[in-house]
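Everything below concerns the one structure shown next.
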There are 2 protein chains.
Amino acid sequence: MKPETITETIKVACSSCNLRELCMPIGFTSDDMQKLDSVVATRRRIKQGDNLFSNGDSFTSLFAIRNGFFKTCVSAADGREQVTGFQMAGEIIGLDGIVSDYHSCNAVALEDAEVCVMPFANVEDLSREFPQLQRHVHKIMSREIVRENSVMMLLGNMRAEERLAAFLLNLVQRLHARGFSQSELTLRMSREEIGSYLGMKLETVSRAFSKFSDEGIIEVKQRYVRIIEPDALKKIFNPETCT
Amino acid sequence: MKPETITETIKVACSSCNLRELCMPIGFTSDDMQKLDSVVATRRRIKQGDNLFSNGDSFTSLFAIRNGFFKTCVSAADGREQVTGFQMAGEIIGLDGIVSDYHSCNAVALEDAEVCVMPFANVEDLSREFPQLQRHVHKIMSREIVRENSVMMLLGNMRAEERLAAFLLNLVQRLHARGFSQSELTLRMSREEIGSYLGMKLETVSRAFSKFSDEGIIEVKQRYVRIIEPDALKKIFNPETCT
DNA sequence: GCAATCTATTGACATGTGTCAAAGATTTTT
DNA sequence: AAAAATCTTTGACACATGTCAATAGATTGC
């Protein structure tokens with residue numbers, strides 16, 4: 001088996017990228033957009049199971065996911081792992097590395113993936129030139145802070161079934177924004193990874209899936225999930241707002 | 001009782017602020033530092049129990065805490081609250097507001113406090129002019145992301161006593177960086193607020209305090225805490241690394 | 001100074017989730 | 001195609017933390 005080089009020097013243009021609306025949803029003139037193409041240095045392919053970056057790696061670049069699915073996770077000194085997020089096409093990872101110039105979490109590809117490598121120096125240089133880009137970078141970081149706030153709410157206050165309902169609703173909503181179904185999805189992560197993200201054991205995740213399935217709210221077959229009663233899920237997540 | 005105006009127009013200079021090392025730890029020439037003074041528009045006093053900003057408020061400014069102690073919290077639709085952080089002098093709050101131009105959490109003063117108001121437009125303008133400031137703003141946001149990652153680890157993987165140990169160690173470490181004792185502190189928050197932050201009920205917080213006290217690791221009297229055996233706390237937080 | 005109100009502690013008991021174990025599914029390897 | 005490995009489901013039971021309640025201590029207001 002021929003080992004593949006990890007980084008490929010394919011020069012790609014944001015200006016012609018079909019993910020631009022997710023990744024760079026800014027109103028630029030096509031002139032400016034040309035200049036912006038230089039944020040992305042290269043593309044990089046990551047095979048399923050490989051790390052895009054690891055805890056301790058020195059930080060140089062942010063990564064825009066072009067396709068594929070990632071998890072990010074932190075580990076305690078005794079080996080316990082916490083999944084801190086799942087990321088899909090159009091989302092940016094690597095922000096954890098900015099503060100100390102090295103990464104403090106692992107980013108693992110849950111399927112074969114491709115990312116745009118954006119050297120952070122380029123991002124900062126262009127941000128000074130384009131206030132719209134500057135604002136966008138700030139929003140991306142702020143969005144991540146707000147997302148983590150709501151995960152803290154899940155972990156601190158919600159029960160197992162509420163967590164899983166919130167998780168499923170969030171996933172389909174993001175997939176729908178990418179043109180996928182609102183009601184069907186194929187999970188890219190195991191029960192254990194879902195459990196790690198949601199602060200529960202894999203058996204509890206499995207039981208919650210089965211419970212939803214018994215109640216006719218979803219159909220589950222291994223990693224395939226069909227949402228039959230989205231309103232019921234919303235009601236579980238948030239008993240008050242939905243009748 | 002004469003109602004106080006909330007915002008006072010005291011012009012203050014970062015260049016002569018004794019918290020600069022915490023708030024703006026950047027090597028600037030005194031010339032540049034003068035220009036930087038314009039990030040801060042005004043100071044604002046907040047009385048204990050009042051909100052610096054609330055969920056839904058429109059976002060205009062970041063706030064640097066000059067003195068006093070804050071909590072930030074998010075609420076679910078059914079009223080459940082999750083404390084997402086405790087902030088002290090030299091720390092920046094308001095980052096949650098950037099993404100959507102309105103705040104998504106409440107910032108409550110746990111004691112009478114004073115903050116420097118930094119209109120975000122000023123921050124962005126000056127960031128384009130001063131790469132060092134730009135980098136600093138990025139680091140502040142990244143630091144918050146990394147902090148929240150480690151809270152997720154606490155909430156998702158740690159048991160009650162581990163959470164409280166981590167909480168106390170983190171608090172004294174930050175207080176120590178501000179010139180306070182490494183071993184003594186007066187909590188500014190109730191057991192319930194600690195519990196909300198750590199994802200446990202106030203009774204569980206109280207029991208964990210009592211347990212540590214019984215074991216001679218800390219001395220507790222209401223909100224006064226003295227850490228007698230810091231190593232024992234570290235060992236509870238992380239059984240593996242400390243022998 | 002005393003009532004009223006918070007806040008913290010502690011006990012007894014309940015319960016949601018974890019733990020351990022076994023058996024099916026599914027995928028990968030050989 | 002069989003074997004091995006991995007992932008998922010399900011059951012029985014354990015236990016950490018939640019819930020409810022009573023008491024004590026601190027703080028605030030009159």
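Atoms considered below: every heavy atom in the structure, side chains included; atoms not considered: hydrogens, waters and symmetry mates.
Nearest-nucleotide positions on DNA chain C place A:M158 closer to the 5' end than the other of A:M158 and A:K221.
The aromatic rings of B:F53 and B:H103 sit parallel, their planes meeting at an angle under 30°, below the 60° perpendicular limit.
Atom CD1 in B:I194 sits roughly 12 Å away from atom C1' in C:dT7 (whole-Å rounding). A straight line from CZ of A:R80 to P of C:dG18 spans 13 Å, rounded to a whole angstrom. For the pair A:R191 CZ and C:dT17 P, the computed distance is 17 Å after rounding to whole Å. Rounding to whole angstrom units, CD of residue A:E203 and P of C:dT17 are separated by 14 Å. A:Q222 places its CD atom 7 Å from the P atom of C:dT27, with the value rounded to the nearest Å. Remark: P of C:dT9 and CG of B:L187 are 10 Å apart, rounded to the nearest angstrom. Rounded to an integer number of Å, the gap from B:K201 NZ to C:dG16 P is 13 Å. Atom CG of A:L110 and atom P of C:dT27 are 16 Å apart (whole Å).
When heavy atoms are screened at a 4.0 angstrom cut-off, B:G195 is found touching no nucleic acid atom at all. Using a 4.0 Å heavy-atom distance criterion, A:R207 is classed as a base contact.
Counting heavy atoms of neighbouring residues, nucleotides and ligands inside a 6.0 Å radius, atom CD of A:Q182 does not exceed 12 of them. More than 12 heavy atoms of other residues, nucleotides or ligands shown are found within 6.0 angstrom of CD on A:E81. With a 6.0 Å radius and a threshold of 12 heavy atoms from other residues, nucleotides or ligands, B:R159 has its CZ atom at or below the threshold.
In this structure, CZ on B:R191 lies 9.5 Å from CG on B:L202, to the nearest 0.5 angstrom.
Looking only at atom types and distance, the side chain of A:Y224 has no donor-acceptor partner in the side chain of A:E219 under 3.5 Å away.
Between B:R147 and B:E91 there is no salt bridge, since no side-chain N of the basic residue sits under 4.0 Å from a carboxylate O of the acidic one. Using a 4.0 Å cut-off between charged side-chain N and carboxylate O, A:K211 and A:E215 make a salt bridge.
Within the structure, a side-chain polar atom (N or O) of A:T204 is placed less than 4.0 Å from OP1 or OP2 of C:dG18.
The stretch residues 208-219 of chain A touches DNA chain D through A:S210, each having a heavy atom within less than 4.0 Å of the strand.
By the 4.5 Å heavy-atom criterion applied to side chains, B:V146 and B:R143 are not counted as neighbours.
A nucleotide of DNA chain D counts as in contact with chain B when one of its atoms lies under 4.0 Å from a heavy atom; the first and last such, 5' to 3', are D:dT17 to D:dA26.
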